[in-house]
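The block underneath contains the structure these notes are about, expressed in structure tokens.
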Amino acid sequence: MIQEIQIYNTLTRKKEVFTPLVPGKVGLYVCGPTVYGPPHLGHARSAITFDLIFRFLKQIGYKVRYVRNITDVGHLVADADEGEDKIEQQAKLDELEPMEVVQIYTNLFHKAMDMLNVESPSIEPHASGHIIEQIEEVKKILDSGYGYESNGSVYFDVEKFASENEYGKLSGRKIEDLISNTRVLDGQIEKHSGLDFAIWKKAQPEHIMRWPSPWSDGFPGWHIECTAMSTKYLGETFDIHGGGMDLTFPHHEAEMAQAQAAHGKPAVRYWMHNNMITLNGQKMGKSLGNAISLEQFFSGNHPLLEKSYSPMTIRFFMLQAHYRSTLDFSNEALQASEKGLERLMNAVAKIESLPVSDSSTLNIAELTANCYAAMSDDMNSPIAIASLFEGVKFINSISDGKSTITSEDRDALKSLFHAFVFDIFGLNAEDQNESGSNEVLNEVVDLLMKLRTEAKANKDWATSDKIRNELAAIGFEIKDGKEGVSWELKK
RNA sequence: GGUCGGUUGGCCGAGUGGUUAGGCAGCGGUCUGCAAAACCGUGUACGGCGGUUCGAAUCCGCCACUGACCUCCA
């Protein structure tokens, strides 16, 4: 079942045939969230992108170990390395223990991921749970000569590394440009060069998050956690490393250098980066203060949102764009996705009851091949979705009596749609809002429907329209179909 | 300033040297007591100016606009 696929490797800037290190198995590492704030649309894009990759690789027969970390230590909040740990900063604001903050936002993240139907990774390691492994990596880097200790902190010697290895290749940077562009920051006296980055940082007295190490009581530098955890769970060399495009520099560049320094060989074979979500053409991000949280999307509680958007709408919206393109948020675009998704899901539900004939007027095998070909070409979900809509048109046409399908093809079509819609794209039928669980409400509305149907039978249009219009005003949508009346409570 | 991208029809968004992306909206139709919903049909776009070519939206050059990274960031 395993077929040839191509993926775009940021390192080489082109699509490459994907060949795993170990046949049939894939090691995938993705930078997860820093849990100091509520999850926003950007987190969803990354999570959904790599969820798609995870799901597709499994679908075509690979055994995948997917590691996505939780960053809960180490980020510095200020320009200088003297700054407080970001998580600690938030903790002080909230008057909570740092790990309490971590727990709160980790839970929120998990909840949002569940709602978006993002599968759990195989392993979700916390940086704080791998301090020992990180210290070991720091030791290896010191042993290899690419690190130096300075006043209790340990730094990575970028210029030395660059003189003997490639540095800047991933992000397309030249070391000379970096040197001339680096800002001179306070507290840099400890470093030999402004390019150097901390791999272990001595904690200031007031710093709460701290661990003992051979150099000082402190905390690990940001970049080292991914090297330590990917090495532990996937090995010194593994297949795919993913993350948001904004992480390519300096984070991933530093990771590449560190791993090379520590292990004497490159760690990552394919680098994959998802692009950003934009809002009015500008990147949506926590640091820009324009991030809309996922909770706000689900509830519609944000000035920029005209209405609430379900998790599946968000998911489908993202799948309709290629992961390497920026995706611009707008109410109009989201509403278009919402309707498209509804049409897709309605068609899926219809397949089973489609009437069969002696012949098919659409080539299902070809449709199937197109879908897999699209995904095999660097996870081109929008193309695959376009093919699926070809199938939707066909399905509706059959139920309209204008096209035909054989029993065999109907089974194939059903398999195709189930594989793509549910397994690969991870879309699921939405619950029929809260009304679905409210039996009494259902019965009351059904009663009104019955009264309206009776009024219609008596040609008492005044009464039937009154029932329909007043229910509509409350938010109910009344659908008169050939098989009878149905209704839905729209938010 | 440096580096790398982007500019596609009303909106979102694929793609590509010559052939319909797709979704949404709009329009027309079917259905309906009328609607709504649903379904069917329908659009002919590729920033500007040059160049290469039998042929470019797709390749090259210049220009304009815009974005990302260069600091934490998905």
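So you know, we letter chains A, B, ... as the sequences are listed, proteins then strands, and number each from 1.
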May I ask you to evaluate whether [X] reaches the phosphate of [N], defined as a side-chain N or O under 4.0 Å from OP1 or OP2?
{"X": "A/Asn396", "N": "B/C40", "value": "yes"}
{"X": "A/Arg343", "N": "B/C24", "value": "yes"}
{"X": "A/Arg324", "N": "B/G13", "value": "no"}

With [atom1] as the reference atom in both, quote the distance from [N] to [M] in angstrom, rounded to an integer.
{"N": "B/C39", "M": "B/U32", "atom1": "C1'", "value": "14 Å"}
{"N": "B/G22", "M": "B/G18", "atom1": "C1'", "value": "22 Å"}
{"N": "B/G47", "M": "B/G15", "atom1": "P", "value": "15 Å"}
{"N": "B/C59", "M": "B/G17", "atom1": "C1'", "value": "8 Å"}
{"N": "B/A45", "M": "B/G13", "atom1": "C1'", "value": "13 Å"}
{"N": "B/G41", "M": "B/C31", "atom1": "C1'", "value": "15 Å"}
{"N": "B/A21", "M": "B/U53", "atom1": "P", "value": "28 Å"}
{"N": "B/C49", "M": "B/C11", "atom1": "C1'", "value": "28 Å"}

Tell me the interatomic distance from [X], atom [atom1], to [N], atom [atom2], rounded to whole angstroms.
{"X": "A/Trp271", "N": "B/C69", "atom1": "CH2", "atom2": "P", "answer": "18 Å"}
{"X": "A/Tyr323", "N": "B/C12", "atom1": "OH", "atom2": "P", "answer": "23 Å"}
{"X": "A/Phe420", "N": "B/G22", "atom1": "CZ", "atom2": "C1'", "answer": "15 Å"}
{"X": "A/Gln320", "N": "B/C12", "atom1": "CD", "atom2": "P", "answer": "13 Å"}
{"X": "A/His322", "N": "B/G13", "atom1": "NE2", "atom2": "P", "answer": "14 Å"}
{"X": "A/Asn370", "N": "B/G22", "atom1": "CG", "atom2": "C1'", "answer": "13 Å"}
{"X": "A/His273", "N": "B/G67", "atom1": "NE2", "atom2": "P", "answer": "22 Å"}
{"X": "A/Leu341", "N": "B/C24", "atom1": "CG", "atom2": "P", "answer": "11 Å"}

For A/Phe56, ring-ring contact (aromatic ring centres under 6.0 Å, His included) partners two or more places apart: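 Partners of A/Phe56 by the ring-ring contact (aromatic ring centres under 6.0 Å, His included) criterion come out as none, since no residue qualifies.
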Could you label the plane-to-plane angle of the A/Phe156 and A/Phe197 rings as parallel, tilted or perpendicular, counting under 30° as parallel and over 60° as perpendicular?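 Parallel: the ring planes of A/Phe156 and A/Phe197 meet at under 30°.
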Should the pair A/His252 and A/Trp271 be assigned to parallel (<30°), tilted (30 to 60°) or perpendicular (>60°) ring geometry?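 Rings of A/His252 and A/Trp271: tilted, as their planes differ by 30° to 60°.
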Please collect all salt bridge (Lys or Arg N to Asp or Glu O under 4.0 Å) contacts where either partner lies in [range], sequence neighbours excluded, each pair once.
{"range": "residues 28-55 of chain A", "value": "A/Asp51-A/Arg55, A/Asp51-A/Arg315, A/Arg55-A/Glu119"}
{"range": "residues 103-115 of chain A", "value": "none"}
{"range": "residues 362-391 of chain A", "value": "A/Lys15-A/Asp377, A/Arg324-A/Asp378"}

Let me spell it out: for each of A/Asn380 and A/Gly281, pick the nucleotide of RNA chain B with the closest heavy atom. Which residue's pick is nearer the 5' end?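 Result of the comparison: A/Asn380.
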Nearest non-hydrogen partners of A/Glu255 and A/His223, listed with the distance: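 Here A/Glu255 and A/His223 meet closest at CG-O, 3.7 Å.
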Heavy atoms only: give me the nearest A/Ala127-A/Asp72 pair and the separation to one decimal.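 A/Ala127 and A/Asp72 have their closest heavy atoms at N-OD1, 3.4 Å.
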Among residues at least two apart in sequence or on other chains, which ones pass side-chain hydrogen bond (donor to acceptor under 3.5 Å, both in side chains) with A/Glu306?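 For A/Glu306, the residues satisfying side-chain hydrogen bond (donor to acceptor under 3.5 Å, both in side chains) (neighbours in sequence not counted) are A/Gln335.
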Partner residues of A/Glu159 under the side-chain hydrogen bond (donor to acceptor under 3.5 Å, both in side chains) criterion, sequence neighbours left out: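 Testing A/Glu159 for side-chain hydrogen bond (donor to acceptor under 3.5 Å, both in side chains), a comparison that skips the adjacent residues, returns A/Ser193.
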Give RNA chain B the dot-bracket treatment, 5' to 3': Watson-Crick (N1-N3 with N6-O4 or O6-N4) or G-U (N1-O2, O6-N3) under 3.5 Å, [ ] crossing, | other strand. ((((((((.[[[)....(...]]].(((((.......)))))....[[[[[..)....]]]]])))))))....
Assign [X] to base, sugar-phosphate, or nothing according to its heavy-atom contacts below 4.0 angstrom with the strands shown.
{"X": "A/His40", "answer": "base"}
{"X": "A/Gly42", "answer": "base"}
{"X": "A/Asn274", "answer": "base"}

Contact residues, residues 382-390 of chain A to RNA chain B [heavy atom, < 4.0 Å]: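 Heavy-atom cutoff 4.0 Å gives A/Pro382, A/Ile383, A/Ala386, A/Phe389.
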What residues in residues 325-338 of chain A put a non-hydrogen atom under 4.0 Å from any atom of RNA chain B?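 Within this stretch, A/Ser325, A/Thr326, A/Leu327, A/Asp328, A/Glu332, A/Ala333, A/Ala336 sit under 4.0 Å of the strand.
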Would you say the side-chain atoms of [X] pair up with the backbone N or O of [Y], donor to acceptor, closer than 3.5 Å?
{"X": "A/Asn165", "Y": "A/Phe161", "value": "yes"}
{"X": "A/His43", "Y": "A/His40", "value": "yes"}
{"X": "A/Gln296", "Y": "A/Ile292", "value": "no"}
{"X": "A/Glu253", "Y": "A/Gly168", "value": "yes"}
{"X": "A/Asn331", "Y": "A/Leu304", "value": "yes"}

Per-nucleotide protein contact string for nucleotides 28-37 of chain B, where B marks a base within reach and S marks sugar-phosphate only (heavy atoms under 4.0 Å, - for neither): -----BBBBB
Where do N or O atoms of nucleotides 3-5 of chain B meet protein N or O atoms at under 3.5 Å, pair by pair?
unit_1: B/U3; atom_1: O2'; unit_2: A/Gly172; atom_2: O; d: 2.9

Yes or no on ring-ring contact (aromatic ring centres under 6.0 Å, His included) for A/His130 and A/Tyr233, after CA distance, side-chain angles and deciding distance? CA-CA 11 Å; A/His130 296 74; A/Tyr233 298 113; 5.5 Å; yes
Test of ring centre spacing under 6.0 Å for A/His207 and A/Phe219: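 Ring centres of A/Phe219 and A/His207 closer than 6.0 Å.
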All N/O donor-acceptor pairs, side-chain side in residues 469-478 of chain A, below 3.5 Å, sequence neighbours left out:
unit_1: A/Asn469; atom_1: ND2; unit_2: A/Asp465; atom_2: O; d: 3.1

